[in-house]
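Here's the structure, in structure tokens; my notes come after.
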Amino acid sequence: MTPDGGIRARGVRRSFGPVHAVADVDLVAAPGRVTALIGPNGSGKTTLLLMLAGLLTPDAGTISVAGADPVTENYVARSRTGWMPDVFGTWDSLTAREVLTTVAAAYRIDAARARARAGELLELVHLSELADQPAHVLSRGQKQRLGLARALVHDPDVLLLDEPASGLDPRSRVDLRVLLRRLAAAGKTVLVSSHVLTELDEMADDAVFISGGRTVATRSVADGDVPREWRLTALDPEALTRWLDETGRAYRTESDGTGVLVELPGEAAAAALLRSAVGAGVDVSSLAPAGGVLEQAYLALEEERR
Ligand SMILES: Nc1ncnc2c1ncn2[C@@H]1O[C@H](COP(=O)(O)OP(=O)(O)OP(=O)(O)O)[C@@H](O)[C@H]1O
Ligand SMILES: [Mg+2]
């Protein structure tokens, strides 16, 4: 890993005619971490990823990917980057195995090594049994998995994955999460876009939020205590709200009246709250985070923008 590895993008812009697809994006994704790229439909995620992957030229701004500039050092940058597009595309009559060996050849990996690597990767994404089927007959989820294998052929330092979990069944989603965590643990930089925030919660260390082609927030997810809402229920809801009122704590009652939501700075505060509620004789029946960290951050941003 080069000392200035990972991804850095500053002031990146790209328009398509009158459409400012990416208007001003700053983004940092560090080696050894999984970074989530989050934004509504049309916010510029795919356009940004294409620029980071060296497949689309920015109108302005600077980009460094694994220490190389995808504009001025395109081949070097691309040789260090694995790109998984949101749709696999058509590969005519190539088999799954041939897709991988063809990509390997494009990266100038010799034939013997390419065959071995293709076999390993097909195994990794559980496609060994379909290795010699034409890629176009694979199901949507199988194509996604082949797309992931294709991104890994040349053992890149940086992985750019556009909606990698879409179309995957629950087992394959878990496999994807485990694989991405493992790649990050091995020092790779992983940038992943998705709409499924609960899924990202479990795999991301950091999150970059974009909206209307601009970076609107960055958050760290994994580093311990994140302020968030917790949902609290009790056998006697009135006893719970009475106790909260007496202790002067801010809370909101859920619309259906079954529980209350309390903003807490982290797990230690949640444990302390539980201890004092139980100590005061309130029969707490559950206490858990209300929704994921990313979902809450996303909704809070939407709120700010109203
Ligand atoms: N090749 C293109 N020509 C014209 N407009 C484009 C092109 N590519 C993207 N756009 C426009 O740029 C904006 C950003 O698109 P982009 O695909 O980057 O969004 P996205 O965040 O990936 O959305 P989604 O969540 O739906 O995948 C959209 O308004 C889109 O219509
Ligand atoms: Mg997209």
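Counting starts at 1 for both ligands and their atoms, in listed order. Reckoned from all heavy atoms, side chains included, excluding hydrogens, waters and symmetry mates.
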Query raised in the report: If hydrogens are left out, which of S43, G17, A21, G42 has an atom nearest to atom 28 (C) of ligand 1, that is, the closest non-hydrogen atom?
Result: G42
Report task. For atom 25 (O) of ligand 1, grab the closest protein heavy atom and report residue, atom and distance to one decimal in Å. Result -> K45 NZ, 2.7 Å
Query raised in the report: How far is atom 16 (P) of ligand 1 from its nearest protein heavy atom, and which residue and atom name does that atom have?
Result: T47 OG1, 3.6 Å
Requested in this report: Flag T46 as yes if one of its N/O/S atoms falls below 2.8 Å of the Mg ion (ligand 2), otherwise no.
Outcome: yes
Query raised in the report: Which option out of N41, V19, T46, V22 puts a heavy atom nearest to atom 17 (O) of ligand 1?
Result: T46
Query raised in the report: At the 4.0 Å heavy-atom cut-off, does S193 count as touching ligand 1?
Result: no
Requested in this report: Search all heavy atoms of A204 against all heavy atoms of A36 and return the closest pair with its distance.
Outcome: CB-CB, 3.9 Å
Query raised in the report: Looking only at distance, does G44 have an N or O less than 3.5 Å from an N or O of ligand 1?
Result: yes
Requested in this report: Output the list of atoms in ligand 1 that are nearer than 4.0 Å to some heavy atom of P40, sorted by atom number.
Outcome: 21 (O)
Query raised in the report: For the side chain of R150 and the backbone of M84, is there at least one donor-acceptor N/O pair under 3.5 Å apart?
Result: no
Query raised in the report: Which protein heavy atom lies closest to atom 4 (C) of ligand 1, and at what distance to 0.1 Å?
Result: F16 CB, 3.2 Å
Report summary line: Between I38 and A207, the two heavy atoms sitting closest are CD1-CB, 4.1 Å
Query raised in the report: Heavy atoms of the protein only: does one fall short of 4.0 Å from atom 14 (C) of ligand 1?
Result: yes
Query raised in the report: Do D205 side-chain atoms and R33 backbone N/O form a donor-acceptor pair below 3.5 Å?
Result: no
**Report entry** Shortest non-hydrogen separation from T101 to A118 and the atoms involved
**Finding:** CG2-CB, 4.0 Å
**Report entry** Aromatic ring pairing H154/Y107, orientation class (parallel under 30°, perpendicular over 60°, tilted between)
**Finding:** parallel
Requested in this report: For D175 and S172, test the side chains for any donor-to-acceptor distance below 3.5 angstrom and give the result as yes or no.
Outcome: no
